[in-house]
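Below: one structure, written as structure tokens.
Below, chain A is the first sequence line, B the second, and so on; all start at residue 1.
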Amino acid sequence: MTYILGISAFYHDSAACLVKDGKIISAAQEERFTRKKHDSSYPFNAVNFVLNFSNIKLSDVDHIVFYEKPFLKFERLLETYVAFAPKGFQSFSRAMPIWLREKLFQKKLIIDCLKKHDEKFNDEKKILFSEHHLSHAASAFYPSPFDEAIVLTADGVGEWATTTVALCKDNKIEIKKELHFPHSLGLLYSAFTYYTGFKVNSGEYKLMGLAPYGEPKYVDKILNNLIDLKDDGTFMLDQKYFNYCTGLTMTNEKFNSLFGSKPRKPEKEKITQFHMDIAASIQVVTEKIMIMLAKSLRQEFGIKNLCLAGGVALNCVANGKILEEKIFDNIWVQPAAGDAGGSLGAALAYWYLDLNQSREEINQDNMKGSYLGNEFSNEEIKSKLDEIGAVYDTYSENELINKTVEDLTSGKAIGWFQGRMEFGPRALGNRSIIGDPRSETMQKNLNLKVKFRESFRPFAPSIMREDVSDWFELYNDSPYMLFVAKVKKDKTIQMSDDQKKLFGIDLLNIKKSEIPAVTHVDYSARIQTVTRESNKMYHDLLSKFKEKTNCPVLVNTSFNIRGEPIVNSPEDAFRCFMGTDLDTLVIGNTYLQKLKQDNNLKTNYTDKFELD
Amino acid sequence: MNFLKEIFKFIAARKKFWLIPILLFLLIFGGLFVITQGTAVAPFIYTIF
């Protein structure tokens, strides 16, 4: 029996994962425990969780693999500063103290952190380092249902690589090509995230959600000035428009002059049509690059399966376009495509590549639906709710589903907390807020009264896998909400001539389909397909909802508010329930109604989390 | 000592020998920075003046 602990930490989205004989046992992000979004600190709680889940101690772990190589990253930093010197001194003087104090001595830092779990731990030889993009590639290929695939990874930057192509067969991963820093699709997207006034590293989703409100007016400007894009999808960024190599911002004055405006200051300036048009333009450029890369890879290698990982793979609109173009026969995207998933990839890469173990159980998705986090028994839930003073009823699974469907059909917003927590940024029906997608007011209500976030942001639908093609232009599995597709034409409501004249945020109030709460302004939806095998209870809920309403779709958004990590424990769920306009909370077999709760348990919730 | 061994092995493997003087400079001044918890020139200023 071989246990491998994978760790990602110290940049953003720290996480830990435990792999036993090549099988993914558990994984979790540190933010869920510390309640600090994108927490970058050593994942002490996540490591504790994965060890406790398997009932083992740190001394039982055979190998501990960190998801990237710090020396290689330091080399990139030094070479970049030398290349741009004397520019960049400000950035250099900020970066070096952190590196010379901690990051350069990461092995020692990790040993010191591991000693918090076991003070006797001193086995330096157990600690290993994977490469950042190899970790991403491994996280995309090994859990996939393919014995052979092309893996494309793209993110901001790891050590040097920003985009990687790997040829994968059986247990082997061979990196074939790389694009290197500073030429990065992730950083290009982040530059526009910064420019439109959203937070880099977390606001990218917002930019993607904003894009359908705009016209892609600036595509040519981007392609003619910022990027030298080749026919095979590879590219170079003209650094004279960017500031991330040497400065403390993503873009510079030349970039502002090119687009005719300074970056938006979110605290002072509202989002305008200009920002929507910018969002639409960079989204089109991103899709174009991804499609060109995918086409050239299919042509060059002739392999029918594609796996994706890295932060750019979370751009589900681009993923949907690759799928729609039918470039590859099958596509599989790692649900924890960002750096958290690096912990998983690092552990798997060591098992298959270094220990040369063969893959078993190919032809099935080995991510276990990404339900890899912690879970609570009904007894634990009840005892925690009793401690808090919550008022609840308990029901059998059937009764609970009936009651929930009753609430859904009467327009209530429900906190749904079941089974193991999801690994990755998406809630997939175990830590979700759910609602009736047929409601015309649901999107606005959920955004403004429950999630406290911008009204333009869309919600995603969960649908039973067997019904997906009746409702959406999607004919594949999308278990991780990583593909966007259009709502089927016969379910949409076409706009009147007057409505067609509207643009931007005014489009939000138009009923666009039979399921308006999950239909974006361009008739698209970010779909999660649910099978009985992957999540029985959630599938049963969808099935019962369909039985009552003839609609097999539910609104599914993560169980949190803006700026808050997804809820982890029953206590987190109850706090969120009491701090928002959620009407009902279902945790395990307990059923809680807002009206029955003690008002003194309500807390001012929104101030607790920094807005993202 | 392990750290020095590892980093020189890394530099040799990467054949980036030109990084050695930069690294030494950074480690010496960085070390002083960490020890003095402030500016790296503090001990020199003290001895000079």
Should we say atom NZ of A/Lys36 is surrounded by more than 12 heavy atoms from elsewhere, each under 6.0 Å from it?
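Result for NZ/A/Lys36: open.
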Answer yes or no: are there more than 12 heavy-atom neighbours, outside A/Lys172 itself, under 6.0 Å from its atom NZ?
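For A/Lys172, atom NZ is crowded (more than 12 foreign heavy atoms under 6.0 Å).
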Got a sec, which residues hit side-chain contact (heavy atoms from CB on, under 4.5 Å) with A/His12, two or more places apart in sequence or on another chain?
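For A/His12, the residues satisfying side-chain contact (heavy atoms from CB on, under 4.5 Å) (neighbours in sequence not counted) are A/Asn201, A/Asp339.
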Given heavy-atom pairs under 4.5 angstrom as the criterion, report whether the side chain, backbone, both or neither of A/Lys108 touches chain B.
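Neither the backbone nor the side chain of A/Lys108 comes within 4.5 Å of chain B.
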Using side-chain heavy atoms (C-beta onward) and a distance below 4.5 Å, is B/Leu27 in contact with A/Leu104?
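Side-chain contact under 4.5 Å: yes.
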Does any backbone or side-chain atom of B/Ile22 lie under 4.5 Å from a heavy atom of chain A? Answer side chain, backbone, both or neither.
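When you check distances to chain A, only side chain atoms of B/Ile22 fall under 4.5 Å.
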Quick check: under 4.5 Å, non-hydrogen atoms only, which of residues 68-94 of chain A neighbour chain B?
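Hits under 4.5 Å: A/Phe71, A/Leu72, A/Phe74, A/Glu75, A/Leu78, A/Glu79, A/Val82, A/Phe92.
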Just list the side-chain donor-acceptor pairs under 3.5 Å for residues 173-180 of chain A, sequence neighbours left out, or say none.
from, atom 1, to, atom 2, distance (Å)
A/Glu174, OE2, A/Lys176, NZ, 3.0
A/Lys177, NZ, A/Glu300, OE1, 2.6
A/Glu178, OE1, A/His180, NE2, 2.8

Chain A contact residues among residues 12-20 of chain B, heavy-atom distance under 4.5 Å
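The residues closer than 4.5 Å to chain A, in numerical order, are B/Arg14, B/Lys16, B/Trp18, B/Leu19.
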